[in-house]
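To keep things clear, I will list the structure first and then write my remarks on it.
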Amino acid sequence: QAPLVESGGGLVQAGGSLRLSCAAKGFYVSINTMDWYRQTPGNQRELIATMDYMGSTRYFGSAAGRFTVGRDGANNAVYLQMNNLQPEDTAVYYCKAELSEERKFEAWGQGIQVTVSS
């Protein structure tokens, strides 16, 4: 089992919403920081949002004003709430976290497809 597991992707129409979750697995694993990326075929992986140690968030590009990152149940999961989705948001979305399990380490989620239809 991977240390980070993503869920919540799918297909929506333009203007709709999706909520992704990135969950750390293991009784002693907690999330310290979280970054969200997305990637489309032939393009670089794009940073769209960050959450720091204190829970402060930053949003980049077209994510600003539409996407929100926050804790999703104690310290073992983080969500990405995506509102007013547009076709150009179609991508595979990845979370990347600094985790703590007695010591700190970094991990990526497996990636999850979000598709927005016109």
Side-chain angles (χ1 to χ4, degrees):
Q1 183 173 277
L4 282 179
V5 178
E6 298 178 52
S7 61
L11 173 65
V12 296
Q13 293 186 339
S17 298
L18 283 174
R19 187 181 180 96
L20 307 183
S21 180
C22 183
K25 301 300 182 183
F27 277 104
Y28 300 102
V29 179
S30 62
I31 296 171
N32 296 332
T33 66
M34 177 69 68
D35 300 337
W36 286 93
Y37 294 78
R38 65 187 179 190
Q39 188 171 26
T40 56
N43 293 303
Q44 299 290 323
R45 197 164 291 184
E46 175 192 8
L47 178 66
I48 58 172
T50 63
M51 183 189 74
D52 68 12
Y53 284 93
M54 304 304 297
S56 296
T57 55
R58 297 284 189 274
Y59 305 93
F60 303 94
S62 63
R66 298 186 299 125
F67 293 4
T68 304
V69 175
R71 297 281 185 182
D72 193 6
N75 291 321
N76 70 332
V78 170
Y79 67 81
L80 176 67
Q81 178 69 40
M82 302 182 291
N83 296 325
N84 192 25
L85 285 161
Q86 302 299 313
E88 53 264 36
D89 296 315
T90 295
V92 176
Y93 284 71
Y94 298 88
C95 56
K96 184 187 75 175
E98 181 191 281
L99 305 176
S100 291
E101 185 183 33
E102 298 180 346
R103 64 192 68 185
K104 298 176 182 179
F105 63 100
E106 187 176 278
W108 285 86
Q110 81 279 12
I112 192 163
Q113 180 70 44
V114 170
T115 302
V116 185
S117 62
S118 301

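As the structure is a prediction and not an experimental result, all values here were calculated from the model.
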Co-membership, hydrophobic cluster, residues [X] and [Y], 4.5 Å side-chain:
{"X": "F105", "Y": "L4", "value": "yes"}
{"X": "V69", "Y": "V5", "value": "no"}
{"X": "M82", "Y": "V12", "value": "yes"}
{"X": "Y79", "Y": "L18", "value": "no"}

Crowding at CZ, R71 (>12 non-hydrogen neighbours, <6.0 Å):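 Enclosed: over 12 neighbouring heavy atoms sit under 6.0 Å from CZ of R71.
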Q13 CD: over 12 foreign heavy atoms closer than 6.0 Å: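 Count not over threshold, so no.
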R58 with D52: basic N within carboxylate O range, under 4.0 Å: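 Looking at R58 and D52, the cut-off is not met.
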pair E98-Y53: side-chain heavy atoms closer than 4.5 Å: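 Yes, at least one pair of side-chain atoms sits under 4.5 Å.
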Over all atoms of both residues, closest heavy-atom pair of Y93 and L80: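 Scanning both residues completely, I find the closest heavy atoms to be CD2-CD2, 4.0 Å.
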Trace of the side-chain hydrogen bond (donor to acceptor under 3.5 Å, both in side chains) decision for N32 with S100: CA-CA 7 Å; N32 296 332; S100 291; 2.5 Å; yes
Side-chain donor/acceptor of Q110 to backbone N/O of E6, under 3.5 Å: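 Side chain of Q110 to backbone of E6, a donor-acceptor pair under 3.5 Å: yes, one is there.
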Under 3.5 Å donor-acceptor, E46 side chain and Q44 backbone: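 No, the answer is negative, given that no donor and acceptor are paired below the 3.5 Å cut-off.
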Y37 ring center within less than 6.0 Å of W108 ring center: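 Ring centres of Y37 and W108 closer than 6.0 Å.
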Member of D89, N43, T90 meeting the side chain to side chain donor-acceptor pair (under 3.5 Å) criterion with R38: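 So the option named by the test is D89.
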Cation-pi, Y94 ring and R45 (6.0 angstrom, 45 degrees):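 Output yes; distance and angle both within limits.
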Nearest-0.5 Å distance that lies between atom CE in M34 and atom SG in C95: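 Answer rounded to 0.5 Å: 5.0 Å.
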